[in-house]
Amino acid sequence: MEASSDDEFQEFVAMRSTALLRLAVLLTGGDRHAAEDLLQIALMKAYGRWARIEQPEAYVRQILYRQQVNRWRLRRHHAETMVPVLPESGGQPTGGADLELRIALWAALGRLSKRQRAVVVLRYFEDLPEAEVAALLGIPVGTVRSTAHRSLAKLRALVPELEPDGPAEQLRPLSYTAKEIQG
């Protein structure tokens with residue numbers, strides 16, 4: 001790899017690794033170590049093709065999604081690990097009620113199945129269209145819709161504050177809270 005390409009890659013990693021790590025943490029269900037491994041693999045794969053990549057962040061995110069789906073397929077009966085602390089947000093500290101809601105949402109995301117969590121993260125956190133989520137996960141669009149519907153219902157049951165007419169009425173299901181987690 002040329003020196004200029006190498007410098008561009010290092011600059012990309014320095015600027016985007018925190019956001020990509022947050023995404024990896026969400027995809028792994030809060031397992032920071034697995035998220036770091038996932039990001040490391042994605043960056044290694046991207047480095048090998050760096051000179052030919054037109055949209056680096058989209059390319060690395062695609063690797064993250066696909067690599068995590070492959071991990072899920074290999075480890076169907078793997079126990080999930082929960083972390084007691086949210087990853088660094090990089091943003092402004094928030095108030096008590098909002099922080100409690102974010103922690104509750106984080107714990108609830110960890111209680112979803114792997115497929116449900118993947119659909120919720122890709123559909124609402126990453127704001128991808130249903131067709132793209134289906135393509136990334138290798139499932140039909142109808143399955144994405146039904147999984148998203150059931151996942152949101154489960155999240156609302158686990159975190160009543162997410163109900164449209166619940167205590168946190170001003171919150172839209174996941175769109176607001178996911179952006180808060182994103183930082």
Side-chain angles (χ1 to χ4, degrees), residues 19-36 38 61 64-183:
L20 292 169
L21 181 60
R22 271 191 228 113
L23 172 61
V25 168
L26 285 170
L27 287 172
T28 59
D31 186 345
R32 175 114 183 173
H33 298 288
E36 289 171 351
L38 182 64
R61 286 175 181 268
L64 285 171
Y65 304 143
R66 290 187 176 171
Q67 189 66 32
Q68 186 60 24
V69 168
N70 290 341
R71 284 181 173 200
W72 289 332
R73 288 179 181 153
L74 292 174
R75 299 181 198 169
R76 294 222 185 246
H77 302 288
H78 178 33
E80 295 182 7
T81 304
M82 294 296 296
V83 294
V85 179
L86 291 171
E88 304 85 36
S89 68
Q92 299 293 330
T94 59
D98 188 41
L99 182 60
E100 289 175 15
L101 180 60
R102 287 175 36 185
I103 291 171
L105 179 62
W106 185 260
L109 278 171
R111 293 187 59 192
L112 295 178
S113 72
K114 293 172 184 176
R115 177 184 279 182
Q116 287 176 323
R117 187 172 49 248
V119 168
V120 168
V121 168
L122 294 174
R123 183 74 182 97
Y124 299 101
F125 179 77
E126 288 294 307
D127 200 26
L128 297 177
E130 292 168 340
E132 196 169 335
V133 173
L136 285 170
L137 298 178
I139 58 178
V141 174
T143 303
V144 170
R145 288 184 188 134
S146 62
T147 302
H149 178 74
R150 284 190 210 104
S151 302
L152 291 177
K154 186 172 182 179
L155 284 174
R156 287 185 186 114
L158 293 170
V159 185
E161 293 87 356
L162 293 176
E163 281 293 336
D165 41 337
E169 192 172 322
Q170 72 279 10
L171 296 179
R172 281 175 250 122
L174 288 181
S175 61
Y176 175 82
T177 53
K179 290 186 188 308
E180 286 296 314
I181 290 173
Q182 186 179 15

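Residue numbers start at 1 and run along the sequence shown.
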Mind listing the closest non-hydrogen atom pair of [X] and [Y] along with its distance?
{"X": "Ala108", "Y": "Leu155", "value": "CB-CD2, 3.5 Å"}
{"X": "Leu38", "Y": "Ala24", "value": "CD2-CB, 4.1 Å"}
{"X": "Ala104", "Y": "Val159", "value": "O-CG2, 3.5 Å"}
{"X": "Arg61", "Y": "Leu20", "value": "CG-CD2, 3.8 Å"}
{"X": "Val141", "Y": "Ala131", "value": "CG2-CA, 4.0 Å"}
{"X": "Leu158", "Y": "Arg111", "value": "CD2-NH1, 3.3 Å"}

With a 4.5 Å limit on heavy-atom distance, are the side chains of [X] and [Y] in contact?
{"X": "His33", "Y": "Thr28", "result": "no"}
{"X": "Trp106", "Y": "Val25", "result": "yes"}
{"X": "Leu23", "Y": "Val121", "result": "yes"}

- Kindly say whether Val144 contributes a backbone atom to a donor-acceptor pair with the side chain of Thr147 at under 3.5 angstrom? no
- Item | Candidate pair Leu109 and Phe125, rule side chain to side chain contact (heavy atoms under 4.5 Å, CB included), full reasoning | CA-CA 12 Å; Leu109 278 171; Phe125 179 77; over 6 Å; no
Euclidean distance, [Y] [atom2] relative to [X] [atom1], rounded to 0.5 Å:
{"X": "Glu161", "Y": "Arg102", "atom1": "CD", "atom2": "CZ", "result": "14.5 Å"}
{"X": "Arg123", "Y": "Arg145", "atom1": "CZ", "atom2": "CZ", "result": "9.0 Å"}
{"X": "Thr143", "Y": "Arg150", "atom1": "OG1", "atom2": "CZ", "result": "8.5 Å"}
{"X": "Leu26", "Y": "Asp31", "atom1": "CG", "atom2": "CG", "result": "12.5 Å"}
{"X": "Glu132", "Y": "Glu126", "atom1": "CD", "atom2": "CD", "result": "9.5 Å"}

- With Val69, which of Leu137, Leu27, Leu64 fulfils side chain to side chain contact (heavy atoms under 4.5 Å, CB included)? Leu137
